[in-house]
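Take this structure first; my questions come after.
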Amino acid sequence: MYYTLNVRGQLMDLSEPLVMGILNATPDSFFAASRQQTEEQIARRARQIVSEGGSFIDVGACSTRPGADRADEAEEMARLRTALTVVRREVPDAVVSVDTFRPDMARMAVEEYGADIINDVCPTMEMFRMVSRLRVPYILMSSKPTIREMLLEFADWLQQLRDLGQKDIILDPGFGFGKTLDQNYAVMSCMDRLQVMELPVLVGVSRKSMIYKFLGSSPDEALNGTTMLNTVALQKSAAILRVHDVREAVECVRLYNRLTV
């Protein structure tokens, strides 16, 4: 299906899959190599995502990995301000997504730094009201363990969001959230059923435990598995791949597009 996103008043074309690069301004993300804490590290990572073909930079300042000690609001705010200042300075034209579950963080990022998208792993009515007021695209994630439950939850949330006037919505099936290893693969196998919602789907499996635990390896060794599952996700109609390894994901998309011409 053909999708677009309204970003800063311009339509962003999703007729071909795009890649979102992860920028973790945190000390405790599950993939150690992705942690960018100093201004120099953040600047280097932002430039890398763009130079390797990423269409979005997803900035996170509070780890949401299972078992993580979540940063308090003041700490997340400080990290996010630093990261967004650097990103806007280094790559001012980049489309910036902010990964946060806190409405006040979303407001600050959009109103003060011009963030373009809010990426939320823990949807609430409070956040629905905030993104609807901010009028930016919203990534809506479900932690439900089955496609059936996910569809029911998405249908309810979408009605609430549309009642508030929210226009641009991206669905995220939440791989690694609220699901066993087997449930993650079951969701992946029938993920194309989400197309009934007629909205773009974002997939984030990059170096996650559903890969390295199954293969008996580690996040550092999970790139090959990530690429394989990204390919499956594209076959299942993913519109956006959220990844640590941007160049490899961009190449994956290019090859997939060549096969489907």
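Being a predicted model, the structure only gives us computed values, none of them experimental.
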Side-chain donor or acceptor of K208 paired with backbone N/O of F175 under 3.5 Å
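Yes, the answer is positive, given that a donor and an acceptor are paired below the 3.5 Å cut-off.
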Neighbour count >12 (heavy atoms, 6.0 Å) for atom CD, E126
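Atom CD in E126 is not crowded, with 12 or fewer foreign heavy atoms closer than 6.0 Å.
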Between the main-chain N or O of M210 and the side-chain N or O of Y185, is there a donor-acceptor pair closer than 3.5 Å?
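Answer holds: yes.
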G53 backbone acceptor or donor facing R247 side chain under 3.5 Å:
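The answer is no, because no donor-acceptor pair under 3.5 Å joins these two groups.
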side-chain contact (heavy atoms from CB on, under 4.5 Å) between F128 and Q166, intermediate numbers included:
CA-CA 8 Å; F128 291 174; Q166 179 66 20; over 6 Å; no
Report all side-chain donor-acceptor pairs from residues 9-18 shorter than 3.5 Å, counting only partners two or more places apart or in another chain.
residue	atom	partner	partner atom	Å
D13	OD1	S15	N	2.8
D13	OD1	S15	OG	2.9
D13	OD2	S15	OG	3.0
E16	OE1	N257	ND2	3.4

More than 12 non-hydrogen atoms from neighbouring residues, nucleotides or ligands closer than 6.0 Å to CZ on R47, yes or no?
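Atom CZ in R47 is packed in, count exceeds 12.
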Does the side chain of L255 come within less than 4.5 Å of L259's, by heavy atoms?
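L259 vs L255: side chains apart.
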Judged by atom type as modelled, is there a donor-acceptor pair below 3.5 Å linking the side chain of R79 to the main-chain atoms of A61?
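At least one qualifying donor-acceptor pair exists.
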Looking at R129 and T124, would you say the former's side chain and the latter's main chain have a donor-acceptor pair under 3.5 Å?
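No, because the side chain of R129 does not come within donor-acceptor range (under 3.5 Å) of the backbone of T124.
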Checking side chain to side chain contact (heavy atoms under 4.5 Å, CB included) against S97, which of D116, I139, V59 comes through?
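Between S97 and the candidates, side chain to side chain contact (heavy atoms under 4.5 Å, CB included) is satisfied uniquely by I139.
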Is it the case that over 12 heavy atoms from other parts of the model lie below 6.0 angstrom from the CZ atom of R254?
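Not buried by this count: 12 neighbours or fewer within 6.0 Å.
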Measure from the side-chain N and O atoms of N184 to the backbone N and O of G176, and report whether any donor-acceptor pair falls under 3.5 Å.
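Between the backbone of G176 and the side chain of N184 there is a qualifying donor-acceptor contact (under 3.5 Å).
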Contact between F177 and C122 at the side-chain level, heavy atoms closer than 4.5 Å - yes or no?
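No; the side chains remain at least 4.5 Å from each other.
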S142 side, atom OG; I147 side, atom CD1 - distance, nearest 0.5 Å
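Between atom OG of S142 and atom CD1 of I147 there are 8.5 Å.
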Ion pair present between D168 and R8, side-chain N to carboxylate O less than 4.0 angstrom?
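A salt bridge is absent here (no side-chain N lies under 4.0 Å from a carboxylate O).
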Find the distance between CD1 (I169) and CG (L140) and round it off to the nearest 0.5 Å.
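Taking CD1 in I169 and CG in L140, the distance rounds to 7.0 Å.
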Results of salt bridge (charged side-chain N to carboxylate O under 4.0 Å, His left out) for E111 - residues two or more places apart only:
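E111 satisfies salt bridge (charged side-chain N to carboxylate O under 4.0 Å, His left out) with R107, R133 once adjacent residues are dropped.
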Let me confirm one number: the CD-CD1 distance from E90 to I42, rounded to the nearest 0.5 Å.
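One gets 10.5 Å once the value is rounded to the nearest 0.5 Å.
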Short side-chain to backbone donor-acceptor contact, R88 and Y113, under 3.5 Å:
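Side chain of R88 to backbone of Y113: a pair is present.
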